[in-house]
Amino acid sequence: MELKGVQPSNGSPNGNGNGATNAASTEKTDAEKPTAERTNWGNGLEFLMSCISVSVGLGNVWRFPFTAYENGGGAFLIPYIIVLFLIGKPMYYLEMIMGQFTSQGTVKIWSVVPGFVGVGYGQAFGTICIISYYSSLLALTLYYLFVSFQSELPWSYCRDEWTNCVNSRPEEYVDNLLTGVSLANESARNLSGIGLVANNETEKLQSSSELYFLNVVIKEKLDISDGVGDPDWKLTLALFVAWVVIFLVIMRGVKSSGKAAYFLALFPYVVLFVLLIRAVTLEGARDGILFFLEPQWGELLNPTVWKEAVVQCFFSLAVGSGPIIMFASYNRFDHGIYRDAMIVTTLDTLTSLLGGITIFAILGNLAHNLQIENIRDVVRSGTGLAFISYPDAISKFQAVPQLFSVLFFFMLFVLGIGSIVALQSTIVTIICDQFKGWKYWKVALTTSVCGFLMGLVYVTPGGQWILTLVDFYGGTYVVFILAIFELAGIVWVYGLQNFCDDIEFMCNRRVSLYWRVCWSFFTPVMMIIIFIYSMATIEPIKYSELYFPEAANVAGWLLFAIGAAQFPLWGLWYASRHPQGTYWKSLKASLKPSDRWGPANPETRREWVIFKNQKAAQRATQKDTSKLGFFWRKIANFCGSNK
């Protein structure tokens, strides 16, 4: 299966004068050696459902609504949509293309620029950090799901040992009024987080839902200087069940996860629409929705709002961490990927809006029942939002609150499973791509056991502290900086024109000006500016208004350093293992595609080499003297491509 007679000249389709040259070598390259054929999705719909299940997740239901509210309310939608079109969609489409074009995972795709292989390993590190705490959220969700079957929701009433407690159930609120607690005294109470604080007293009154979460479920520690404590046995059991479900979904690769994707993608919408219909019919729902959508136009000038829009976009679409590349790598080479990218990114935004309206309608009813004028006072974001605010609101439903509680937490569990299945499959795929002889199910089992063991730290009394720390340093910022290098490596180093030629060959369609301009300028420049700003204005993180110990901050920065350092360290390692004379020449050579780059199928690969040679020849002989053609060639050269 030699490639004779198609070796391109030095003016070849690669911005570095390499690329298809190595691929077209008359010697039999590694890329041409017989390999096990990669499994494909059963059909294109399985791929689409899988992408929906990972991109439409917990971030849409509890993260987006409050991120939007805290950063301008309805006005936040403007920077978010701008970021979606200039960063979110371009990154999502690019990652889909890279996975499908190479049929490889997040590490192996870097045969395009081997010196950037550390980006793939760094993203794997960030993904592992996210997996470790994401599974603990599933454990909490399962815990609440199980206890929701009781005759009375256990968080709806106070225990005898809880002083300064206010029942979450509406009956208790009515009883208080009937036993002489005047409306004047009730309205004088202000909520702090989700709890009530008496203005005339120093003691803090808290809702039963908050005390249940803090004292019964997680047994919260307010000082972790002496350690995080031992794992709670109930949460440990829930964590184990969550990992069993994850393993069962991924054990056969896309053959099993593809079938499960239909349920993981569609069922949450059924529950979400049921909750939406119920929520908008509650008293006070209108005020809650208007509160969510009311724009604060002044926030548009706040750089922090734009940073949060990017973070939310990355978190929601799951770009920069590998799942999209991994899923696309199991596609057939000629799959219509453009349509899927547009569907998923649009649906993700619509789901975020749907979730926001539903959540704030419920919280509007909560404020109405408590006679609280400012809805801000009944909001506690983060983990507390899902496991304090929502249960508190559900307990105030007049009809069968247990049913709504079961539906809500089962929906959260399904959303979480959809996301973590993709993240976990990304790690399994990286390992199986590296070690071809290893059985997929054995790797899936081993990594699931490791995930369970890592998750134990998050089900301790100090687990929420660790979750906040790992999410901030190991998840958000590691993924952010490596996404910048990912885009720069493909578009600026490999070359925009090379990349567009590859897309044209695979998709049989020319790349529009919108994608070219975004990939070459707007997307990377915006990401760089926002990252520099966020690092320059970074402040010590807090949990529950308490600062972390200095040792914890040091550990957090170390976590970030380990993830970010993967990029240069693996680049240096590759250059040392592939010497080209001097070390400087070896580094330069590492920025050119290796002979492994290109389509995995040998026949398709030969056709691709011929196509690239023809494109190079066309550009070499093209005599376009128009001003527009001259201007475009200047832009293409600036962006790192060939004429």
Minimum heavy-atom separation for [X] to [Y], with atom names?
{"X": "S53", "Y": "L264", "answer": "CB-CB, 4.0 Å"}
{"X": "V491", "Y": "L94", "answer": "CG2-CD1, 4.2 Å"}
{"X": "C313", "Y": "V83", "answer": "CB-CG1, 4.1 Å"}
{"X": "W465", "Y": "L222", "answer": "CZ2-O, 3.6 Å"}

Going by side-chain hydrogen bond (donor to acceptor under 3.5 Å, both in side chains), name the residues that satisfy it together with [X], two or more places apart in sequence or in a different chain.
{"X": "T141", "answer": "none"}
{"X": "Y338", "answer": "none"}
{"X": "S135", "answer": "W243"}
{"X": "Y458", "answer": "S132"}

Test side-chain contact (heavy atoms from CB on, under 4.5 Å) applied to [X] - qualifying residues, sequence neighbours left out:
{"X": "S405", "result": "S148, L153, W155, I394, F409"}
{"X": "F267", "result": "F263, V271, F410, V414"}
{"X": "R339", "result": "H335, I343"}
{"X": "L77", "result": "F64, L353"}

### Any pair counted as ring pair (Phe, Tyr, Trp, His ring centres under 6.0 Å), so long as it reaches residues 467-486, sequence neighbours left out
F314-F480, F472-Y477, Y473-W557, F480-F531, F485-F567

### Message
Rounded at 0.5 Å granularity, tell me how far CG in L482 sits from OH in Y121.
### Response
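Those atoms lie 14.0 Å apart.
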
### Message
To the nearest 0.5 Å, what is the distance between OG1 on T358 and CD1 on I289?
### Response
8.0 Å

Regarding [X] and [Y], do their side chains bring together a donor and an acceptor under 3.5 Å, going by distance alone?
{"X": "Q424", "Y": "Y134", "value": "no"}
{"X": "T304", "Y": "Y533", "value": "yes"}
{"X": "E486", "Y": "Q123", "value": "yes"}
{"X": "S208", "Y": "N167", "value": "no"}

### Query
Which residue pairs satisfy the side-chain hydrogen bond (donor to acceptor under 3.5 Å, both in side chains) criterion with at least one member in residues 84-93, sequence neighbours excluded?
S55-Y92, K89-T345, K89-T346

### Message
Listing request: all salt bridge (Lys or Arg N to Asp or Glu O under 4.0 Å) pairs with a residue in residues 518-543, at least two apart in sequence or in separate chains.
### Response
K542-E545

### Message
Apply side-chain hydrogen bond (donor to acceptor under 3.5 Å, both in side chains) to residues T468 and Y133 and explain how you reach the verdict.
### Response
CA-CA 9 Å; T468 303; Y133 69 75; over 6 Å; no

### Query
Mind checking what makes salt bridge (charged side-chain N to carboxylate O under 4.0 Å, His left out) contact with K219, not counting sequence neighbours?
D232

